[in-house]
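Notes follow once the structure below has been shown.
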Amino acid sequence: MKQKPSFPAKVEGLSPPKPQSTKSTVHFSTGPKELALDSFALQASGVGLDSTKVRESMVLKLAEQGVQDEMVLHAFSVIERHKFIDTALANQAYEDTSLPIGFGQTISKPNVIGRMIELLRQGKNLMITGKLSRVLEIGTGCGYQAALLGQVSNEVYTVERIQGLYEKAKENLRPMRFPNIHLILGDGMLGFPQGAPYAGIISAAGGEHIPTPWLDQLAVGGRLVAPVMHQNGSQVLVVIDKSENGFKKSFLEPVNFVPLRSGVA
Ligand code: SAH
């Protein structure tokens with residue numbers, strides 16, 4: 001039976017984020033645009049923790065910054081970012097900022113994560129009922145992006161090389177009971193052949209080159225989104241589409257990701 005995808009992906013090429021669009025596709029009927037984040041700080045340190053409003057505010061901001069894919073925006077509205085970071089930083093959880101997660105690593109800005117997941121979904125669309133079929137994430141970190149990916153994909157395989165972070169992600173994700181997120185401790189530069197081929201591969205760490213196993217493990221019709229060193233010496237986002245005729249590479253805007261390192265630590 002062929003089901004109509006509930007969230008058709010938009011294939012609009014690789015245009016950069018639209019600056020401050022006033023059009024919002026988010027389905028939040030009410031709510032102030034600018035919510036005092038201080039109120040969240042107070043609640044976070046107090047008893048009743050209701051982060052829904054601040055999250056809605058973050059989602060509206062993401063939409064204004066150019067994230068248009070409703071399924072991506074919905075993922076941001078349901079995944080509680082503050083549950084992935086230290087309580088001491090909880091008051092900054094919904095600001096558009098990267099935050100330390102320990103072991104010298106950082107969780108990326110929501111804006112950058114949204115952009116990358118949206119790009120991933122704009123590929124050839126190896127979708128099952130509107131979701132990407134299987135996705136590989138390199139660099140689990142605290143597990144936040146994996147949780148978001150879990151909302152837009154059928155299966156997520158996520159690889160982390162630092163044992164302490166792998167454990168942390170496991171702890172963070174366990175209470176959420178997502179049945180489709182698979183955590184792997186290992187060197188993500190080798191990909192994860194057991195889950196291949198992937199409709200999407202996304203990396204949260206940037207190297208000099210795109211490792212060959214990632215290209216091998218990408219499905220025909222699949223898309224890879226990752227930070228990589230450009231010839232001009234700066235780190236940029238690269239999008240690679242795999243087809244029967246080979247690979248199509250597009251270099252996009254500069255980014256600032258932690259380095260991709262080999263081996264397990
Ligand atoms: N997606 C993460 C971001 C973590 S930062 C989150 O939502 O929190 C990037 C992560 O990539 C770091 O945890 C780092 O340890 C990891 N990393 C770097 N090189 C790697 C490799 N070869 N294999 C797996 N993980 C790697």
Side-chain angles (χ1 to χ4, degrees), residues 55 58 62 72 75-76 78-86 89-90 92-120 135-153 156-174 176 178 181-196 198 200-217 224-229 235 237 255-265:
R55 214 161 31 255
M58 176 184 76
L62 284 172
V72 176
F76 276 99
V78 295
I79 302 297
E80 299 176 298
R81 195 171 188 244
H82 67 276
K83 298 227 167 121
F84 291 85
I85 54 178
D86 284 352
L89 297 168
Q92 293 175 57
Y94 296 101
E95 289 174 21
D96 198 21
T97 175
S98 55
L99 293 169
I101 52 172
F103 303 88
Q105 308 300 316
T106 51
I107 181 174
S108 311
K109 284 178 173 199
N111 184 16
V112 175
I113 301 176
R115 163 85 168 139
M116 288 177 77
I117 300 180
E118 185 167 72
L119 281 169
L120 197 70
V135 166
L136 172 68
E137 179 194 34
I138 291 93
T140 316
C142 65
Y144 177 63
Q145 181 170 278
L148 293 169
L149 288 168
Q151 298 289 308
V152 305
S153 331
V156 179
Y157 295 84
T158 176
V159 188
E160 174 56 56
R161 65 180 287 275
I162 300 178
Q163 175 140 18
L165 282 173
Y166 162 78
E167 302 289 351
K168 192 179 234 184
K170 211 158 56 169
E171 215 171 280
N172 289 340
L173 288 164
R174 190 180 292 125
M176 298 173 194
F178 296 123
I181 302 180
H182 313 284
L183 301 179
I184 299 127
L185 174 66
D187 181 357
M189 286 181 82
L190 308 173
F192 184 64
Q194 292 91 326
Y198 298 102
I201 299 184
I202 188 165
S203 176
E208 295 290 319
H209 310 283
I210 296 299
T212 314
W214 298 1
L215 301 175
D216 294 342
Q217 290 168 29
L224 181 153
V225 181
V228 75
M229 202 51 82
Q235 195 187 54
L237 274 189
V255 281
N256 190 14
F257 279 82
V258 296
L260 182 70
R261 297 194 195 288
S262 60
V264 175

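No hydrogens, no waters, no symmetry mates; every other heavy atom, side chains included, goes into these values. Ligands are counted one by one from 1 in listed order, and the atoms in each one are counted from 1 as well. Numbers here simply count residues along the sequence, with the first being 1.
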How far is [atom] from its nearest protein heavy atom, and which residue and atom name does that atom have?
atom                    : value
atom 11 (O) of ligand 1 : G139 CA, 3.2 Å
atom 15 (O) of ligand 1 : E160 OE2, 2.6 Å
atom 25 (N) of ligand 1 : R161 N, 3.3 Å
atom 12 (C) of ligand 1 : Q105 OE1, 3.3 Å
atom 22 (N) of ligand 1 : R261 O, 2.5 Å
atom 6 (C) of ligand 1  : T140 O, 3.4 Å

Please identify which atoms of ligand 1 are closer than 4.0 Å to at least one heavy atom of [X].
X    : answer
E137 : 1 (N)
A204 : 1 (N), 3 (C), 9 (C)
L165 : 13 (O)
I162 : 15 (O)
V258 : 5 (S), 9 (C)
V159 : 24 (C), 25 (N)
G188 : 21 (C), 22 (N), 23 (N), 24 (C)
M189 : 22 (N)

| field | Test side chain to side chain contact (heavy atoms under 4.5 Å, CB included) applied to Y144 and H82, step by step | value | CA-CA 9 Å; Y144 177 63; H82 67 276; over 6 Å; no

| task | Ignoring hydrogens and angles, tell me if any N or O in the side chain of K83 forms a donor-acceptor pair with the backbone of M176 under 3.5 Å. | result |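 Side chain of K83 to backbone of M176, a donor-acceptor pair under 3.5 Å: no, none is there.
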
| request: Report yes or no: does E137 contribute a side-chain atom to a donor-acceptor pair with the main-chain N or O of V156 at less than 3.5 Å? | output: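 Such a contact is absent between E137 side chain and V156 backbone.
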
Checking contacts here: is it the side chain or the backbone of [X] that comes within 4.0 Å of ligand 1, counting heavy atoms only? Could be both or neither.
X    : answer
L260 : both
A205 : side chain
I113 : neither
S108 : neither
Q145 : both

| Within 6.0 Å of CG in N256, more than 12 heavy atoms from elsewhere |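 Not more than 12 within 6.0 Å, no.
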
| Can you name the nearest heavy-atom pair linking G263 to D187, along with the distance? |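 Smallest interatomic distance, heavy atoms only, reads N-OD2, 2.9 Å.
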
Counting only nitrogen or oxygen atoms and a 3.5 angstrom limit, does [X] reach ligand 1?
X    : answer
C142 : yes
S262 : no
T106 : no

| query | Is G263 near ligand 1, meaning one of its heavy atoms is under 4.0 Å from it? | reply |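 Distance cut 4.0 Å: G263 fails for ligand 1.
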
| field | Contact check, T158 vs ligand 1, heavy-atom distance below 4.0 Å | value |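 The answer is no, since T158 has no heavy atom less than 4.0 Å from ligand 1.
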
